[in-house]
Amino acid sequence: QVQLVESGGGLVQAGGSLRLSCVASGRTFSSYAMGWFRQVQGKEREFVTAINRSGGSTFYAASVKGRFTISRDNAKNTVYLQMNSLKPEDTAVYYCAADREDSGSYYYSHVYDYWGQGAQVTVSS
C-alpha cells in the first residue's frame with residue numbers, strides 16, 4: 001500500500017555527482033527507516049546506506065563512506081542519496097526501500113517492506 005518513486009539516475013563521468021530522490025506515498029513516512037541498495041546484473045543486491053526514522057542516525061557501506069550521503073525530509077516524504085566522487089564500480093541499479101517497523105537491522109534487504117522501481121546509475125571512466 002506504500003509506493004516509492006525514484007528519480008535522478010543517469011550517466012555521469014567518473015568523479016562526478018548525482019542525487020537520487022525517493023518519494024513515498026502515505027501519512028506514516030516519518031515512522032519508517034529508509035535504505036538504499038544497489039544491484040549489478042548477475043550479482044547479489046548490496047546494502048549502500050540507511051537512515052533511521054528521525055534522521056538522527058545514518059549507516060554506510062564501507063565502499064561509499066565519505067562519498068555518499070543519505071538524508072531525509074519527513075515533511076516532504078522524501079529520502080535522498082547524494083553521490084559524489086563517483087567511480088565506475090558504483091554503476092548499478094539503485095533501489096530505495098522502507099522498513100515500516102524501523103527494526104534497526106538496516107543492512108539486510110529482507111527487513112524492508114516496500115521498494116522503489118530502481119534507478120540506473122552509470123559511471124563512465
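Heavy atoms only: backbone and side chains are in, while hydrogens, waters and symmetry mates are out.
- The distance from atom CD of E6 to atom SG of C96, rounded to the nearest 0.5 Å, is 4.0 Å.
- Note that the SG atom of C22 and the CD atom of Q117 stand 8.0 Å from one another [nearest 0.5 Å].
- Between K76 and F29 the shortest side-chain heavy-atom distance does not fall below 4.5 Å.
- Exactly one of Y106, Y107, W115 qualifies for a ring-ring contact (aromatic ring centres under 6.0 Å, His included) with F37. That residue is W115.
- A donor-acceptor contact shorter than 3.5 Å is absent between the side chain of D99 and the backbone of N52.
- Atom CD of Q3 sits in a sparse spot, with 12 or fewer heavy atoms from other residues, nucleotides or ligands closer than 6.0 Å.
- Looking at every heavy atom in both residues, K43 comes nearest to Q39 through O-NE2, 3.1 Å.
- What you find for S125 and A14 is that their closest heavy atoms are CA-CB, 4.4 Å.
- A tilted orientation is assigned to the rings of H110 and Y108, their planes being inclined by 30° to 60°.
- Environment of CD in Q82: crowded, with over 12 heavy atoms of neighbouring residues, nucleotides or ligands closer than 6.0 Å.
- For the pair L86/N84, no side-chain contact is recorded, criterion being any heavy-atom separation below 4.5 Å from C-beta on.
- Annotation: cation-pi pair R72/Y80 absent, no NZ/CZ under 6.0 Å from the ring centroid and within 45° of its normal.
- Looking only at side-chain heavy atoms (C-beta outward), L4 and V23 stay at 4.5 Å or farther from each other.
- Rounding to the nearest 0.5 Å places CG of D102 at 11.0 Å from CE of M34.
- At least one cation-pi condition fails for R38 and F47: the charged atom is not both under 6.0 angstrom from the six-membered ring centre and inside a 45 degree cone around its axis.
- Between E46 and S63, the closest side-chain pair of non-hydrogen atoms falls below 4.5 Å.
- For the residue pair E89/T91, the side-chain donor-acceptor check at 3.5 Å is not satisfied.
- In this structure, the separation between CE on M83 and CZ on R19 is 11.0 Å, given to the nearest 0.5 Å.
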For D73 and T78: C-alpha separation, side-chain torsions, deciding distance, then whether side chain to side chain donor-acceptor pair (under 3.5 Å) applies. CA-CA 5 Å; D73 186 341; T78 302; over 6 Å; no

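- Between the side chain of R67 and the main chain of S85, a donor-acceptor pair closer than 3.5 Å is present.
- The two residues A50 and Y112 make their nearest non-hydrogen contact at CB-OH, 3.8 Å.
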- Residues R53, Y32; criterion side-chain contact (heavy atoms from CB on, under 4.5 Å); working and verdict: CA-CA 5 Å; R53 62 185 183 178; Y32 304 159; 5.9 Å; no

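- Taking both residues in full, the closest heavy atoms of V93 and G118 are given as CG1-CA, 3.8 Å, listed atom of the first, atom of the second, then distance.
- Cluster membership for Y94 and V12, using ILVMFWY side-chain heavy atoms within less than 4.5 angstrom, is shared.
- Between the side chain of N77 and the backbone N or O of A24 there is at least one donor-acceptor pair closer than 3.5 Å.
- One finds the CG atom of L81 at 5.5 Å from the CH2 atom of W36 (value rounded to the nearest 0.5 Å).
- Under the side-chain contact (heavy atoms from CB on, under 4.5 Å) test applied with I70, the options L20, V48, V64, I51 reduce to a single match, I51.
- Here the closest heavy-atom approach between residue Y60 and residue T58 is recorded as CE1-OG1, 3.6 Å.
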Under the side-chain contact (heavy atoms from CB on, under 4.5 Å) rule, what do D113 and V2 come out as? Steps first, then yes or no, please. CA-CA 9 Å; D113 302 290; V2 174; over 6 Å; no

